[in-house]
Amino acid sequence: MTTDINNDLVSIICATNRLDDYACIAIDSLLGQTYRDIEIILIANGENCLEIASGLKEKYGNDSRVRVICTNIPQLAFALNLGVSLSGGAYIARMDADDVCDPLRIERQIAYMRSNELDMVGCSVRLIDECGNTIGSRNVPQGGEIDTSLLFGNPFVHPTVIYKRDLFFKCRGYNAGFNSEDYDLWLRMRRLNVKWDNMSEFLLNYRMHGASTQRRILGYAEVAGLALREFILDKTFANFLAVIAAVGKALMRPLRS
């Protein structure tokens, strides 16, 4: 684990199991950030990780801000934990390998975090299709709405978030889920009375396409299990309603794994 932490450095963690045009567009959008004190940790994961890592190093190896890590384990939660454990920044930023960052994303979010003394911040997103065309948007809950909405859905878009590295380790990192590793982490953060918010600015283009894991039954089943865990730990009426809502959503979804 890295011990020398830079208080101004933002470590951007991005995992990918392929090297395609989407990944290159995503990485290029990170390299074009106006906030210059960044490191980009790319985790090539899955059975073709050596080939992917080689391609990433060939394309981006000359940029001192880029580090490439390889793991055969294809699970996203493991890849993200690995990336964060090797990071050197006091701030961790998430990014997916098929999305696109606004050039001002990191600068605006870090300024917002510092001015509001936050532990974590996300933002609204534009929705884009396979060709990069805007097809919609998603406005995210803000302020006091976040804790309430967390019981019944995910109030953060995972690849938009920046959180403090020390908070991540206090929560013991990502520890569950193939499709819900972020939601599990937010629930555990809430127990620590985290200070978080979402920005109304659209600072990321979130790509919707056939390879997306959105709305798969496994994700809904995992969320139902997490809701039950939170109710057992804190038997409030709100947490009970969250269990009912999560189970209902899981039962209503078609059986796609």
Side-chain angles (χ1 to χ4, degrees), residues 1-2 11-31 38-63 65-89 92-101 125 128-132 154 156-161 163 165 168 172-186 204-223 225-226 255-257:
M1 182 186 298
T2 299
S11 299
I12 306 172
I13 313 297
C14 180
T16 183
N17 57 13
R18 61 177 62 88
L19 181 57
D20 55 14
D21 289 343
Y22 291 157
C24 293
I25 292 170
I27 296 167
D28 289 344
S29 76
L30 296 176
L31 293 171
I38 62 173
E39 65 172 352
I40 303 169
I41 300 178
L42 305 175
I43 304 99
N45 64 332
E47 60 181 357
N48 297 320
C49 67
L50 290 176
E51 179 182 350
I52 297 166
S54 177
L56 289 170
K57 289 176 181 177
E58 181 178 353
K59 188 170 181 63
Y60 300 104
N62 291 329
D63 195 309
R65 296 170 294 172
V66 177
R67 299 167 61 190
V68 178
I69 302 167
C70 185
T71 174
N72 290 320
I73 299 176
Q75 189 180 13
L76 177 60
F78 176 84
L80 299 181
N81 282 334
L82 179 62
V84 177
S85 69
L86 297 173
S87 65
I92 303 297
R94 273 287 290 116
M95 178 65 177
D96 282 344
D98 53 359
D99 298 327
V100 187
C101 282
V125 296
I128 60 174
D129 63 15
E130 295 94 332
C131 300
N154 196 335
F156 296 98
V157 181
H158 194 191
T160 72
V161 300
Y163 45 73
R165 187 178 188 272
F168 180 84
R172 302 184 181 183
Y174 297 100
N175 72 357
F178 289 94
N179 294 322
S180 61
E181 71 287 331
D182 55 332
Y183 187 66
D184 171 65
L185 181 59
W186 312 154
L204 182 130
N205 291 342
Y206 186 85
R207 195 179 302 275
M208 308 291 291
H209 53 77
S212 173
T213 61
Q214 294 291 312
R215 299 189 180 279
R216 291 185 179 178
I217 187 63
L218 177 58
Y220 285 98
E222 289 174 348
V223 169
L226 294 172
L255 292 176
R256 290 179 56 215
S257 61

*Check the pair L50, C70 against side chain to side chain contact (heavy atoms under 4.5 Å, CB included), reporting the backbone distance first and the verdict last.*
CA-CA 7 Å; L50 290 176; C70 185; 3.8 Å; yes
*asked:* I'd like to know whether N48 forms a side chain to side chain contact (heavy atoms under 4.5 Å, CB included) with L19, so could you lay out the CA-CA distance, the side-chain angles of the two residues, the decisive distance to 0.1 Å, and finally the verdict.
replied: CA-CA 10 Å; N48 297 320; L19 181 57; over 6 Å; no
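Contact check for T16 versus L42: no side-chain heavy atoms found under the 4.5 Å cut-off. The side-chain heavy atoms of Q75 and E181, taken from C-beta on, include no pair separated by under 4.5 Å. Using a 4.5 Å heavy-atom threshold, the side chains of S87 and I41 count as touching. Side-chain contact between R65 and L30 is absent, with no heavy atoms from C-beta onward closer than 4.5 Å. You'll find the side chain of L80 reaches within 4.5 Å of the side chain of R94, heavy atoms only. Side-chain contact between F78 and N45 is absent, with no heavy-atom pair separated by less than 4.5 Å. At least one side-chain heavy atom of I27 sits less than 4.5 Å from a side-chain heavy atom of L56. Under the 4.5 Å side-chain criterion, counting only non-hydrogen atoms from C-beta, Y60 is in contact with C24.
Defined by atom type and a distance below 3.5 Å, a donor-acceptor pair is missing between the side-chain atoms of S11 and R165. Between the side chains of Y22 and D96, no donor N or O sits under 3.5 Å from an acceptor N or O.
Remark: side-chain polar atoms of S29 are paired, donor with acceptor, to backbone N or O of A26 under 3.5 angstrom. In this structure a side-chain-to-backbone donor-acceptor pair under 3.5 Å is present from E222 to N179.
One distance of note links CG of D20 with CD1 of I52; it measures 9.0 Å at 0.5 Å rounding. Rounded to the nearest 0.5 angstrom, L82 CG and I69 CD1 are separated by 5.0 Å. Annotation: the span from N81 atom CG to L76 atom CG amounts to 9.5 Å, rounded to 0.5 Å. Separating the CG atom in D28 from the CG atom in D21 is a distance of 10.5 Å, to the nearest 0.5 Å. Note that CH2 of W186 and NE2 of H158 are 4.5 Å apart. Values are rounded to the nearest 0.5 Å.
Ring geometry for Y163 against F168 counts as parallel: the plane angle stays under 30°, on a 0 to 90° scale with 60° as the upper cut.
Across all non-hydrogen atoms, the minimal contact from L204 to C101 is CD1-SG, 4.0 Å. The nearest pair of heavy atoms linking E39 to R67 is OE1-NH1, 3.3 Å. Listed here is the closest heavy atom pair of R207 and D98: NE-O, 2.7 Å. Closest of all the heavy-atom pairs between A79 and A15 is CB-CB, 3.9 Å. Across V100 and M95, no two heavy atoms sit closer than the pair N-CE, 3.8 Å. Shortest non-hydrogen contact noted between P159 and D99 is CG-OD2, 3.4 Å.
Between F156 and Y183, the ring center distance fails the sub-6.0 Å criterion.
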